[in-house]
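Here is the structure we will look at.
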Amino acid sequence: MALLQTLLLRMITTAVTLLGVAVIVFFVIRVVPGNPIAMMLPPGATAEDIATLTAIYGLDKSIPQQFLIWAGGVLQGDFGTSITLKQPVLALVLGRLPATLELSVLALGMAILIGGAAALTGTRLRETRVEGGIDIAQGVALSVPDFLWGLVLILVFGVLVPVFQISGRVTPSLQLPFVTDFYLVESVVRLRFDLTLDLLSHMLLPALALAIPLAAIIGQLLKQSLKETMHLDYVTLARTQGYSEAKVIWSQALPNAILPTLTLVGVQFTFLIGGTVIIERLFSYEGLGNMAIDAVINRDLPLIQGIVILFAVIFTGVNLLVDLTYAALNPRLRHG
Amino acid sequence: MSFLEVRNLSARVKGGGPLLRDVSLTVEVGEVRGLVGESGAGKSMIGKAVLGILPKAVEITGGQIVLDGTDLLTLPPAARRVKVGASCALIPQDPLTALNPSRRIGVQITDRLVDILGWTRQRAEDRALALLTEVQITDPARVLRQYPHELSGGMRQRILIASAFAAEPKLIVADEPTTALDVTVQKQILKLIAALQARHGTALLFVTHDLGVVSKVCQNLSVLYAGKVVEDSTVADFFGAPKHPYSAALLAATPKYTDPSAGLQPVPDAVIAAVRAEVEHG
């Protein structure tokens, strides 16, 4: 009963959030200067041409009227047609989403691995020079933004020591047998590990650029919580039972210390997805973020709306997932 | 034969003053020794030193901790951990914080039996069930599946006691095991520890500031003041005729249930000054 109530409440707040996002984006992109119609017509088009085209796209109506028409379509699964690409927005956006999701999840995984390893090592060797070194490295990782890390990585691993790809999602000359857009997942499922390697060699640098600052945040918070947990009585008790320090950290301290980090990872993951916009551009990676920038440059109003709504759906979905995981990991929440 | 022999143990806060001064005490096989003293006398430090869980800021500056014929302080950390883990156990002070909040009671008892002592999972589970029954927990099978927050403080202390006896240790350090509990529960827990100790023949180092507890549970006791043992005697001798003036004053300061109107006698300043001088210069 309580669970049902919580879920229902959650769905209502999610719906309100999405509506708010939709209203804001719809109005803002129409109020800011720049006109999609002007971008479509050659210079010297007559006022009559402009008026005709404006009417075709419905841009002659008032903004609230436009919004109602658009929202009505959305409720039926029709997000409109892209002005520049002349294709349905929903298909375009869903086609690009897998690329961005794969990149974000890979980056998240790398951030958790790097940050987690740093936190565990720092806790195991606390109050030594190693911990000091980890702290400094994390400070540097945190104070440089992801797109600058992207440039650094391109310079080092793409130009000076060209071991990884720095452009695109996959080598264009390859024959792709894929039926879905989840290339990385599908290449593994199809046991085409040659393709997996090629995809990874394209994804590694952008994912790393996204992961480095997040890894530093995760590492710092987790180490802090771990060190606090290491003073607690049940950890001391485990030490008297003959467990090694590493084992005590891993099996006694970590399950409790991880909870605050988990919340943070949820919040930061949404920032990471936001970060894909610039990183994808930097690495010419064909994902949603890259498409978003093109859409904004071309004033492709329906496409911008579609992408922003999709980002909002992802954000709220991630938050819900974090809450559920939190409840699963913390018995005190489960049993009320 | 002494199972535990602490010889001339000295410890201090790194860069600070002494915490333990030349402490010597023994715990025979099956003996219950009380370790009493006021707050800050260093009584818990001795237990922690034996178990190897001293805070990082504390360093041992001299002496030996001989456990079952081996000086623990000369062992490499891993060997020491294994030796202590296999033959000693701790009953902690605060049952509310000594159980891991995110793990079920069952695994908290059985894990170390399996991980450290190499028991089979089944044997460890049977043992946990039997022990919970022994510490008079009703419906032990259910409790094993519960989480700490679902149980009362008294229940949790019973579980910690059961866990301490689980591997049949030779020595248990009980670090003020009743201090954090309700007065009504204290007595039951004390009885329980005494009963289990007698049944299993475990040596017990009972750290407490409560002389009433000592008189009920212990055979011998060491009185600690400012990190130094000022008296070492049998319980009968101590309560009959304490040798040291500080012990006598401590005894006089203890409330008596038989004669509540007698009031409390604070330890006289002169006695404190004398014992302080003795500890610091003698």
Side-chain angles (χ1 to χ4, degrees), chain A residues 116 120 122-132 222-263 322-336, chain B residues 14 44 47-48 50-57 77-105 107-109 111-118 145-150 156 160 163-164 166-167 169 171-173 175 180:
Chain A
L120 290 169
T123 309
R124 176 69 190 83
L125 300 172
R126 58 191 178 282
E127 281 136 52
T128 66
R129 282 188 191 167
V130 177
E131 193 198 359
L222 186 58
K223 179 160 73 75
Q224 190 61 39
S225 327
L226 275 172
K227 282 173 75 178
E228 279 164 22
T229 312
M230 290 309 282
H231 294 296
L232 299 181
D233 288 350
Y234 58 84
V235 175
T236 306
L237 190 62
R239 281 207 192 95
T240 69
Q241 295 176 339
Y243 284 103
S244 68
E245 184 76 1
K247 182 87 174 132
V248 166
I249 293 173
W250 181 260
S251 61
Q252 299 286 336
L254 188 61
N256 294 291
I258 207 166
L259 294 174
T261 307
L262 189 74
T263 316
V322 169
D323 286 356
L324 292 177
T325 318
Y326 201 90
L329 284 185
N330 190 344
R332 279 164 293 188
L333 285 184
R334 238 180 301 150
H335 297 267
Chain B
K14 276 175 193 161
S44 284
K48 287 188 172 134
V50 172
L51 296 170
I53 49 171
L54 282 175
K56 282 200 165 178
R80 175 180 182 178
R81 215 164 48 222
V82 171
K83 184 167 178 63
V84 171
S87 59
C88 302
L90 169 71
I91 300 176
Q93 177 168 5
D94 187 354
L96 298 183
T97 56
L99 287 166
N100 191 329
S102 65
R103 315 192 69 214
R104 292 175 198 275
I105 299 298
V107 291
Q108 299 202 41
I109 301 176
D111 263 5
R112 49 98 57 128
L113 300 176
V114 176
D115 295 345
I116 306 293
L117 304 172
R145 288 192 308 272
Q146 284 181 308
Y147 286 94
H149 69 271
E150 300 173 80
R156 293 192 220 183
L160 287 162
S163 182
L171 171 72
I172 288 179
V173 177
D175 188 3

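Below, read A as the first sequence line, B as the second, and so on, with proteins coming before strands; counting in each chain starts at 1. What you are looking at is a predicted structure, and each value in this text was computed from that prediction instead of being measured.
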Exercise for review: Looking only at non-hydrogen atoms, find the nearest pair between B:Arg81 and A:Tyr243 and report the distance.
Suggested key: CD-O, 3.1 Å

Practice item. Could you check if a side-chain atom of B:Ser163 sits within less than 4.5 angstrom of a side-chain atom of A:Gln241, using non-hydrogen atoms only? Key: yes

**Study point:** Under 3.5 Å donor-acceptor, B:Asn100 side chain and A:Gln252 backbone
**Key:** yes

Review point. Of the backbone (N, CA, C, O) and the side chain (C-beta and beyond), which part of B:Ile116 lies under 4.5 Å from a heavy atom of chain A, both, or neither?
Key: side chain

Study note, to complete from the structure: Scanning both residues in full, the closest heavy-atom pair of B:Pro101 with A:Asn256 reads CG-OD1, 3.4 Å

Check your understanding: To the nearest 0.5 Å, what is the distance between NZ (B:Lys48) and CZ (A:Arg239)?
Key -> 11.5 Å

Study note, to complete from the structure: The interface call for B:Leu160 against chain A, heavy-atom contacts under 4.5 Å, is side chain

**Study point:** Closest approach of B:Ala98 to A:Leu237 (non-hydrogen atoms, all atoms of both residues)
**Key:** O-CD2, 3.6 Å

**Study point:** Stepwise side chain to side chain contact (heavy atoms under 4.5 Å, CB included) check, A:Asp233 with B:Gln93
**Key:** CA-CA 9 Å; A:Asp233 288 350; B:Gln93 177 168 5; 6.0 Å; no

Review point. Nearest 0.5 Å, what's the CG-OG distance between B:Asp115 and A:Ser244?
Key: 10.0 Å

Point to revise | Proximity breakdown for A:Thr229 and chain B, heavy-atom pairs closer than 4.5 Å | key: neither

